[in-house]
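Note that the structure is predicted; figures quoted are calculated from it, not measured.
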Amino acid sequence: MQFKKGYNWKACYDEERGLYTAQYGQYGGYTLYEITKEIFDRLEDAVTTELDACRLLDSGRRLYKSVDDRCGPPYDIVFDEDFRNLCPWANIPDSRGTVLGAEMTDAVVEVLASEKNNREQRREKRRKREEQNGSTDLQLS
């Protein structure tokens, strides 16, 4: 595995899986991303500012997000249930609050433009849940 890191961020290239992932943040918020080679290549060890790194990583696909901004109770959003397998290297904090359910996460992904990178993956997971349960959770497609 190859790593690049800077203030509040760390990115990884897993050569065996051809997978690029990253983490950003710490105390008040923490996010895991799947990123592209292009994003990884643009990150420079200890040169990229935190703001530049945040902007680059935010263009990737969110896998997991933990929020504790003191504007309300802490909560976690699991965008991809495989986030621990995709980022085995990451220092994932213990959950500090409520974990949003799959239906709520699906709604967030469908409504917010910032989550468009997750729509295809979430829709496929929702279809599989519906097939297993024989029901329809949330019809947003």
Side-chain angles (χ1 to χ4, degrees), residues 1-133 135-141:
M1 290 188 186
Q2 298 175 24
F3 293 95
K4 292 183 178 185
K5 55 183 152 179
Y7 185 73
N8 279 339
W9 64 270
K10 184 175 182 181
C12 174
Y13 170 53
D14 182 339
E15 301 96 339
E16 289 181 19
R17 298 187 289 172
L19 180 66
Y20 295 88
T21 53
Q23 68 181 17
Y24 176 78
Q26 49 184 336
Y27 308 110
Y30 178 86
T31 307
L32 288 175
Y33 298 92
E34 179 179 17
I35 60 175
T36 63
K37 178 185 184 327
E38 291 75 26
I39 294 170
F40 186 82
D41 289 345
R42 290 182 61 192
L43 291 167
E44 296 296 328
D45 294 322
V47 173
T48 305
T49 68
E50 181 180 7
L51 182 58
D52 289 342
C54 179
R55 286 181 180 151
L56 282 170
L57 297 178
D58 236 18
S59 63
R61 184 174 75 89
R62 275 183 216 26
L63 303 173
Y64 168 85
K65 183 171 187 162
S66 179
V67 178
D68 188 1
D69 59 9
R70 299 183 185 173
C71 292
Y75 62 94
D76 296 349
I77 304 174
V78 176
F79 293 101
D80 190 323
E81 291 83 6
D82 297 324
F83 71 94
R84 290 187 192 280
N85 294 329
L86 293 169
C87 303
W89 57 270
N91 301 323
I92 302 166
D94 292 334
S95 178
R96 295 177 277 198
T98 302
V99 177
L100 266 59
E103 294 81 14
M104 179 64 85
T105 302
D106 288 343
V108 166
V109 167
E110 290 294 336
V111 171
L112 298 179
S114 62
E115 299 307 325
K116 67 181 178 207
N117 292 339
N118 271 306
R119 289 184 184 145
E120 183 179 329
Q121 183 263 351
R122 293 297 307 181
R123 287 172 181 167
E124 182 61 30
K125 293 273 186 174
R126 186 169 62 239
R127 277 193 283 281
K128 288 180 181 177
R129 281 195 316 269
E130 290 169 356
E131 287 173 7
Q132 286 179 337
N133 298 333
S135 66
T136 58
D137 287 345
L138 188 61
Q139 299 298 317
L140 295 171
S141 307

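Between Tyr64 and Val78 there is a side-chain heavy-atom pair separated by less than 4.5 Å. Contact annotation: the side chain of Asp82 approaches that of Lys125 to within less than 4.5 Å [non-hydrogen atoms, C-beta and beyond]. Under the 4.5 Å side-chain criterion, counting only non-hydrogen atoms from C-beta, Tyr20 is not in contact with Ile39. Looking at heavy atoms from C-beta onward, Thr21 lies out of side-chain contact with Leu32 at the 4.5 angstrom threshold. Using a 4.5 Å heavy-atom cutoff, the side chains of Pro88 and Met1 are in contact. Tyr33 has its side chain within reach of Asp58: a pair of non-hydrogen atoms, C-beta onward, lies under 4.5 Å apart. Contact of the Arg61 side chain with the Asp80 side chain is registered, since non-hydrogen atoms from C-beta on lie closer than 4.5 Å. For the pair Pro73 and Tyr75, the minimum side-chain heavy-atom distance is 4.5 Å or more.
Here Arg62 contributes atom CZ and Tyr24 contributes atom OH; the two are 12.0 Å apart, rounded to the nearest 0.5 Å. Once rounded to the nearest 0.5 Å, the distance linking CZ of Arg42 with OG of Ser59 reads 7.5 Å. Expressed to the nearest 0.5 Å, how far CG of Asp41 lies from CD1 of Ile35 amounts to 9.0 Å.
More than 12 non-hydrogen atoms from other residues, nucleotides or ligands lie less than 6.0 angstrom from CD of Glu81. Applying the 6.0 Å contact sphere to NZ of Lys10 captures more than 12 heavy atoms from other residues, nucleotides or ligands. Around the CZ atom of Arg17, the shell of radius 6.0 Å holds more than 12 heavy atoms that belong to other residues, nucleotides or ligands.
Residues Arg122 and Phe79 share a closest heavy-atom pair of NH1-O, 3.0 Å. In terms of heavy atoms, Gln23 sits closest to Leu57 at O-CD1, 4.0 Å. When every heavy atom of Gly25 is checked against every heavy atom of Tyr30, the shortest pair comes out as O-CD1, 3.8 Å. The heavy-atom pair separating Leu86 from Leu19 by the smallest distance is O-CD2, 3.6 Å. For the residue pair Lys4 and Leu43, the shortest heavy atom distance occurs at NZ-O, 2.8 Å.
Residues passing the side chain to side chain contact (heavy atoms under 4.5 Å, CB included) test with Arg119, sequence neighbours excluded: Val109, Glu110, Lys116, Arg123.
Under 4.0 Å is where a charged nitrogen must lie from a carboxylate oxygen, and between Glu131 and Lys128 no such pair does.
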